[in-house]
Visitor: 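Below you will find the structure I want to go over with you.
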Amino acid sequence: MGAVVMLVIVSMVTFGIFFQLPKLAGQTTDQLAASYVGKAPTAEAIADVKERLGLDDPLAVQYGRFVKGVFTGQDFSNGPSVEHCAAPCLGYSFRTNEPVLPTLLDRAPVTLSLAVGASLIWLVAGVSIGILSALRRGTVFDRMAMATALAGVSLPVYFTGLVSMAVFVYTFRLWPNGVAYSDFTENPGLWAWNLVLPWVTLAFLYAATYARLTRSQMLETLGEDYIRTARAKGLPERTVIGKHALRASLTPIVTIFGLDLGLLLGGAVLTEQTFSLPGLGSLSIHSILSGDLPMVMGVVLLATVFIVFASLIVDILYAVVDPRVRLG
Amino acid sequence: MTAPIEVSKGEAEAHPEDVLKGVGTQAIQGRSLGRIAWLRLKRDRAALGGAVVIALLILLAAFGPFFLQDPNAYHQDLIDPTMQRPKDGFLHSGISWEHWFGVEPTTGRDMLSRIVLGARISLIVAFLATLVSVTIGTVLGVVAGYFGGWVDTVISRAMDVFLAFPLLLFAIALVGVVPDDMLGLRGNGLRVGVLVFVIGFFSWPYIGRIVRGQTLSLREREFVDASRSLGAGHGHVLFKELLPNLLAPIIVYTTLLIPTNILFEAALSFLGVGVIPPMPSWGGMLSLAVPTYQNTPFFMIIPGLAIFVTVMAFNLLGDGLRDALDPRAR
């Protein structure tokens, strides 16, 4: 329920912002329609586009039409012919005239590959380094790991990305033809090999955050009374750490992981820009900078769906990780 | 003994020395939280190092541009016309006595003065944006935590919505559509204003959540009840009783929010919606380096290191402050 409300709010705000802001910036609907027509717009063509897209209708009417399109589909009169856009209809791009939804579905696998691969790496690396650091607090390992982690959270991903490209692609020539996305279904090996650099670069940033977080959570948990009780009743250290301490420390990590993954699935903007990956992130930047309202709406809605969905999954995972939580 | 418990306002203003008379200045040293924190912080070399770097950076950003050469002057005599990169220097950086950090490919502009001017932009935007988000976050967080009920519900939901938004996209879109002339500002003055607003406005929920949580636990404490039973109004309880107790977490998260905002500004500049060229910014310099870094790797390393060092310094200080101000820390 809360998820649906969130989607409605976000879609309304998005629609409002992207519809209203160009107007505030002094752009008229005529100019908007003119850029849609493209080269040499005539007055009739502009009027036609305005009529067809209903650009002069009030904001609420346009939003209503958009929502209706999502559920029942929408008809666009394209001159003499009528184009029908089937049920989950997100409209057509202002710039390329492509339908929005297929374009999104076309770009999504890239972002999905990037986000899922990187998240697996950072989750495993970050959490295990954090746990080891907490257990060996004050040792050389702990100090080194935490110094690296602090450096990791201070480095922007577009800088580490460029450096790793300069080193591994252009100096050592591990990828002699450069890094380009290739489809998983065509060649899984090549798919993984070409994504190694983006994965590691993106994962480094997050692994640093997770290592720091896991360590501090773990240290806090280890100071709790029930850990002392568990030790006092003679449980082996492995059980104390693995069953008692780890579970409690992981709860906040799970929350943040859900949010982070959801956010990334909606488009890893900076990483995709840096490695020129044709995912949702680069699509959204491109659409925003070219004023492609329907495309922007589509990307933002999809991104919000991911975030809302991820937080739902987190709630379910909570019950698995933390025995104190029961699903109602 | 401490100072007399009740002093009427007139007395205190008239003879402050008399009021303090009899208070042994040397006898017992009360250790306030601030004092304990300072003693701890003094021992934390990493945090002190961070503080020193920050102080140097601020001085450099404030006064450096007056002493350095023109950041927008072209030195094309230093550029190899076929390769479009500096002729000499390590890694074709163009480093020389005149140009300590080398020169830019193609144009030959001096990197040192561009980095220093970029520091000014970066720090101004980050500080002001942090001020905006800390102000909004603190006020809304305290109000939500203190009043509870529907006020809390509304503010907390708003925070959830903000956290669920693809913020970077919104920020880009907002900066991208702002007109050239607005509210009497124009050019880079307006751009900086917009950046401050966008970054500050989108990062308040982080500090808002923390302040709300702290307020929730503080509001049940005896000193709040005591103040209320003495007839204090909401305003007094909020700003005179609760706020001073929230100062420690606010200081810590402010210090940790500044580097986040520096990275946010750099990301926006990197994506092309930062200050308007030729005004330099670190993110903008990195994006300029993208097409040329195979030829001139040095050009990319300088702005990257500038971001890294600055953000790291703030993180070190923030971590140190958190350890120092955390009463649970041993």
Side-chain angles (χ1 to χ4, degrees), chain A residues 2 5-7 9-10 13-14 17-18 20-27 146-147 150-151 153-160 162-163 165-167 169-171 212 216 220 223 259 262-263 266-267 269-270 273-274 276 281 284-285 287-289 291 296 299-300 302-304 306-308 310-311, chain B residues 46 50 157-158 160-182 256 259-260 262-264 266-267 270-273 282-283 286-287 289-290 293-297 300-301 303-316 319 322 328 330:
Chain A
V5 173
M6 186 80 93
L7 268 179
I9 292 178
V10 170
V13 172
T14 313
I17 286 181
F18 288 97
Q20 211 58 44
L21 270 179
K23 277 192 179 171
L24 291 180
Q27 210 185 11
M146 284 307 114
L150 190 64
V153 296
S154 309
L155 281 165
V157 69
Y158 40 91
F159 178 53
T160 42
L162 289 179
V163 171
M165 293 250 275
V167 172
V169 179
Y170 297 109
T171 309
R212 280 159 60 88
S216 66
E220 208 178 306
L259 279 177
L263 213 56
V269 180
L270 292 167
Q273 284 290 101
T274 311
S276 332
S284 56
I285 292 290
S287 321
I288 286 174
L289 294 181
V296 173
V299 180
V300 171
L302 190 63
T304 317
F306 281 130
I307 294 174
V308 169
S311 52
Chain B
R157 285 285 147 260
D160 286 348
V161 171
F162 265 86
L163 292 175
F165 261 50
L167 292 186
L168 196 57
L169 298 186
F170 271 86
I172 295 160
L174 282 173
V175 180
V177 295
V178 168
D180 304 327
D181 198 335
M182 201 171 82
L256 291 172
T260 316
I262 291 177
L263 287 174
F264 203 155
F270 179 75
L271 294 170
V273 287
W282 292 344
L286 266 175
S287 75
V290 171
Y293 71 94
Q294 305 166 38
N295 257 337
T296 50
M300 147 193 99
I301 290 171
L305 278 184
I307 298 175
F308 172 59
V309 168
T310 312
V311 172
M312 182 91 167
F314 277 104
N315 277 334
L316 282 173
D319 276 6
R322 184 180 48 203
R328 285 172 309 173
R330 275 146 286 173

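Predicted, not measured: the structure shown is a model, and the values here were computed from it. Every chain is numbered from 1 and lettered A, B, ... according to where its sequence line falls, protein lines coming before strand lines.
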Visitor: What residues, two or more places apart in sequence or in another chain, satisfy side chain to side chain contact (heavy atoms under 4.5 Å, CB included) together with B:Val290?
Guide: A:Leu162, B:Phe270

Visitor: Non-hydrogen atoms of chain B under 4.5 Å away: do they reach the side chain of A:Ala310, the backbone, both or neither?
Guide: neither

Visitor: For a side chain to side chain contact (heavy atoms under 4.5 Å, CB included) check, start with the C-alpha distance between B:Leu168 and A:Leu270, then their side-chain angles and the critical distance, and finish with the verdict.
Guide: CA-CA 9 Å; B:Leu168 196 57; A:Leu270 292 167; 4.1 Å; yes

Visitor: Is chain B contacted by the side chain of A:Val163, its backbone, both, or neither, given a heavy-atom distance below 4.5 Å?
Guide: both

Visitor: Could you please spell out the steps behind the side chain to side chain contact (heavy atoms under 4.5 Å, CB included) verdict for B:Met312 and A:Leu155?
Guide: CA-CA 8 Å; B:Met312 182 91 167; A:Leu155 281 165; over 6 Å; no

Visitor: Nearest heavy-atom pair of A:Val153 and B:Leu263: which atoms, and what distance?
Guide: O-CD1, 3.9 Å

Visitor: Atom CD1 of A:Ile285 and atom CG of B:Leu271: how far apart are they, to the nearest 0.5 Å?
Guide: 4.5 Å

Visitor: Tell me which of these, A:Pro156, A:Ser287, A:Ala303, A:Gly281, has more heavy-atom pairs under 4.5 Å with chain B than the rest.
Guide: A:Pro156

Visitor: For B:Ile307 and A:Tyr158, work out which heavy atoms get closest and say how close.
Guide: CD1-OH, 4.4 Å

Visitor: Can you list the residues that meet the side-chain hydrogen bond (donor to acceptor under 3.5 Å, both in side chains) rule with A:Ser154, with sequence neighbours excluded?
Guide: B:Asn315

Visitor: Identify which part of B:Leu286 has an atom lying under 4.5 Å from any heavy atom of chain A, answering side chain, backbone, both or neither.
Guide: both

Visitor: Can you tell which part of A:Ala166 gets under 4.5 Å to a heavy atom of chain B, answering side chain, backbone, both or neither?
Guide: both

Visitor: Under a 4.5 Å heavy-atom cutoff, which of B:Pro303, B:Pro259, B:Ala266 has the most pairs with chain A?
Guide: B:Ala266

Visitor: Tell me which of these, A:Val296, A:Thr304, A:Val269, A:Val299, has more heavy-atom pairs under 4.5 Å with chain B than the rest.
Guide: A:Val269

